[in-house]
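Side chains are part of it too, since the values below use all heavy atoms of this structure and drop only hydrogens, waters and symmetry mates. Residue numbers begin at 1 in each chain, while the letters A, B, ... track the order of the sequences.
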Amino acid sequence: MTDHRVRVVSEEAARRELKRRSRRDFLVAGGAALAAFGGYRWMRSRAPEDDVAWPQRRVLQFNGKLAHGYLSDGRMAPTFSLKDVGELKSNGDDGLEDDVKDDAYRVKVDPGAGVPAFELTMADVKTLPRFEQITNFCCIEGWNVVTRWSGVRFLDFTRKYFPAGRALPPYVSMATPSQAYYVGLDMKSAMHPQTLLAYEINGGPLGAEHGAPLRLVIPVKYGIKNIKRIGSIQYTGAQPKDFWAEQGYDWFAGL
Amino acid sequence: MVYMTTLKLKHLVATRWFHWINFPILFLMIWSGILIYWANDVYKIAVGGATVVQFFPDWVYNVLHINNRLAEGMALHFVFMWLFTINGVLYVAYTLISGEWRYLVPTKLSAFRDAWSVALYDMHLRKELPPQEKYNAAQQITYTAIVAMGIGSVVTGLAIYKPMQLGWLTALFFGYEGARLVHFALTMGYLAFFVVHIAQVARAGWNNFRSMVIGWEVGEVKHD
């Protein structure tokens, strides 16, 4: 089986051939190693875009595009039963600095394209059909907790409050009332049927630490996109800024 | 009876490139993986409630400066995952099409018994090696396993990368936690493999190592 790969040669010929091959191939190997190392150093030292060297940022954007293309309304995040529900920890309080009172709470909605912005109360939001779902909340740190959420679908919210007859722009931006925390979302993920504007967690009202009175639950994204205490919703044609993407994370952050 | 010198083409040029390209890529995947793992470093081996091995103790993080580099780890992991996967797919395809897999994959059940004999031989508990072709039985099992582990890393990686869109895949590993644990265990497997592999290569000597770079190895045959 190996015969064609074995040659009987004189000791001298073997020495000569090995020497010749070694010189050539070790040079090639050394050159390749240098090129690889140089390529890596080049990539890491490129100008950062939001704290990530631009060649890496391009690949992350490409990954996001692929995932965005694969995402569909019909591809649902797995749902769980009540017995799987755990206790979600509160893992960030950016934008939750001030106290809020439910009855004074307003969500500012900006449809963009010259349509005047308007404000909604929690009562307005709750006129929409209530949905309940038990989905996995995945933190970008690597932990996850199955959580039960209730609220209204962003899909229904948009159908009701985005001006009829106008084309939906490709992005939506959401921010806390203080503007200290903000997320950018692609419209497809936002309009996914499991994306909720939630006001209840695990059967009770949202606590302040979980974003009372209204937060985003978007199972097709990491926890960082599930913004707490939504103060404004803006429909927009330009990719919105994003709190964590500015600190070196993937903007798309899809699951 | 005389001995005659031979030159033998041990590793084909494509195999050598695949191997050496994989080495730094896998290294970067493991490194960036540890940067990511740090953010939720929950795994340990415990016996009866007492922690035997902690993944990882603080001194490891401190010595290697791993703390607070999650974003950097992800930005590396999700770039080099492409190169790791492409190189791996090409290697597997090449090995299948070229027929090289016949040397690599153990085809007889006796391979496991032979591998045990090889292990005993390596530990100087046995005098003779079982007959072998290019690779001994222990090498066949190990090298086949490491390829299977590579496939496992890609599959479990996808399962924790896209647990919603690829929920069916995540479910195969009993969910996100299961897939993440397997992904981590495979990585520890690479580190263990690396230690043994380096020791064995050092022991086998220069002629063997050189053949992984230039392809050819010097040997001898008996001639009556």
Side-chain angles (χ1 to χ4, degrees), chain A residues 1-2 4-15 17-18 21-22 24-26 28-29 32-33 36-37 40 43-44 51-53 55-60 62-63 67 70-72 75-78 135-136 138-144 146 194 219-221 244 247-250 254-255, chain B residues 4-10 12-13 16-17 20-21 23-25 28 36-42 69-72 74-76 78-82 99 102-103 133-134 160-168 170-171 175-177 180 184 207 210-211 213-221 223:
Chain A
M1 193 167 174
T2 55
H4 66 286
R5 292 187 191 169
V6 181
R7 293 191 344 245
V8 176
V9 290
S10 74
E11 221 169 295
E12 173 61 18
R15 208 181 52 79
E17 178 159 354
L18 286 174
R21 287 184 177 277
S22 291
R24 189 193 64 189
D25 288 357
F26 274 93
V28 171
F37 186 68
Y40 179 77
M43 180 193 82
R44 293 300 302 269
D51 221 29
V52 175
Q56 286 169 272
R57 185 56 87 182
R58 291 286 173 284
V59 178
L60 295 184
F62 171 77
N63 294 345
Y70 184 77
L71 185 70
S72 81
R75 204 161 275 123
M76 304 293 268
T135 46
N136 201 2
C138 289
C139 178
I140 202 159
E141 292 172 349
W143 51 266
N144 67 109
V146 172
Q194 286 170 307
V220 295
K221 300 279 186 192
W244 285 107
Q247 297 179 49
Y249 289 87
D250 176 25
L255 289 169
Chain B
M4 293 174 69
T5 307
T6 59
L7 276 179
K8 183 173 163 194
L9 176 58
K10 193 174 180 188
L12 303 183
V13 61
R16 286 178 269 142
W17 276 106
W20 288 112
I21 289 171
F23 172 59
I25 294 174
L28 274 174
I36 296 169
Y37 171 74
W38 169 88
N40 185 35
D41 58 341
V42 289
R69 295 171 72 177
L70 170 61
E72 181 189 351
M74 295 182 93
L76 281 174
F78 301 134
V79 170
F80 284 93
M81 66 174 186
W82 287 108
R102 285 173 222 279
Y103 299 108
E133 278 200 64
K134 180 174 172 179
I160 51 182
Y161 185 46
K162 299 292 166 193
M164 303 300 160
Q165 298 191 51
L166 303 178
W168 55 272
T170 313
Y176 186 87
E177 302 280 5
R180 188 173 188 258
F184 181 81
N207 191 36
R210 181 178 54 192
S211 73
V213 177
I214 72 172
W216 293 77
E217 173 176 83
V218 67
E220 51 188 24
V221 285
H223 189 78

I need the residue from [options] with the largest number of non-hydrogen atom pairs under 4.5 Å to chain B.
| options | result |
| --- | --- |
| G142(A), A77(A), S22(A) | G142(A) |
| A67(A), A13(A), C138(A), S10(A) | A67(A) |
| A29(A), C139(A), G254(A) | G254(A) |
| D51(A), V28(A), V52(A), N63(A) | N63(A) |

Next item on the list: Could you tell me whether the side chain of R16(B) and the main chain of V213(B) form a donor-acceptor pair under 3.5 Å?
Entry: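 Yes: the side chain of R16(B) pairs with the backbone of V213(B).
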
Notebook entry, point to check: Ignoring hydrogens and geometry, is there a side-chain-to-backbone donor-acceptor pair from Q56(A) to A75(B) under 3.5 Å?
Noted result: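 Yes.
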
If I measure from the heavy atoms of chain B, does [X] come under 4.5 Å with its side chain, its backbone, both, or neither?
| X | answer |
| --- | --- |
| V9(A) | both |
| A53(A) | neither |
| F37(A) | neither |
| L60(A) | side chain |
| N144(A) | both |
| R75(A) | side chain |
| Q247(A) | backbone |
| M43(A) | side chain |
| A36(A) | neither |
| R57(A) | neither |
| N136(A) | both |

[X] side chain near [Y] side chain, heavy-atom distance below 4.5 Å:
| X | Y | answer |
| --- | --- | --- |
| R7(A) | W216(B) | yes |
| W82(B) | V59(A) | yes |
| R21(A) | L7(B) | no |

Margin query: Suppose we screen for salt bridge (charged side-chain N to carboxylate O under 4.0 Å, His left out). Which residues come up paired with R58(A), at least two apart in sequence or across chains?
Written below: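 Salt bridge (charged side-chain N to carboxylate O under 4.0 Å, His left out) check on R58(A) returns E49(A).
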
Top of [options] for chain A proximity - count of heavy-atom pairs under 4.5 angstrom:
| options | result |
| --- | --- |
| F78(B), W38(B), W168(B) | F78(B) |
| E217(B), E72(B), K10(B) | E72(B) |
| Y161(B), W17(B), Y176(B), Y37(B) | Y176(B) |
| R210(B), E220(B), M4(B) | R210(B) |

Note to self: For I25(B), which atoms come within 4.5 Å of any heavy atom of chain A: side chain, backbone, both, or neither?
What the structure shows: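 Contact with chain A is absent: no heavy atom of I25(B) under 4.5 Å.
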
Note to self: One thing to verify: whether R15(A) and E12(A) come together as a salt bridge, which I'm taking to mean a side-chain N less than 4.0 angstrom from a carboxylate O.
What the structure shows: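 R15(A) and E12(A): salt-bridged.
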
Note to self: Check the orientation of W244(A) and Y249(A). Use parallel for under 30°, tilted for 30 to 60°, and perpendicular for over 60°.
What the structure shows: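 Answer is perpendicular, since the angle exceeds 60°.
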
Checklist line | Listed partners of R24(A) passing side chain to side chain donor-acceptor pair (under 3.5 Å), at least two apart | finding: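 If we apply the side chain to side chain donor-acceptor pair (under 3.5 Å) test to R24(A), skipping adjacent residues, there are no hits.
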
Margin query: Here's a test for you: under side-chain contact (heavy atoms from CB on, under 4.5 Å), which of L76(B), I160(B), L70(B), D41(B) qualifies with I36(B)?
Written below: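 Going through the options one by one, the only one that passes is L70(B).
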
Note to self: Would L255(A) and V220(A) count as a side-chain contact (heavy atoms from CB on, under 4.5 Å) here? Give the steps.
What the structure shows: CA-CA 5 Å; L255(A) 289 169; V220(A) 295; 5.7 Å; no

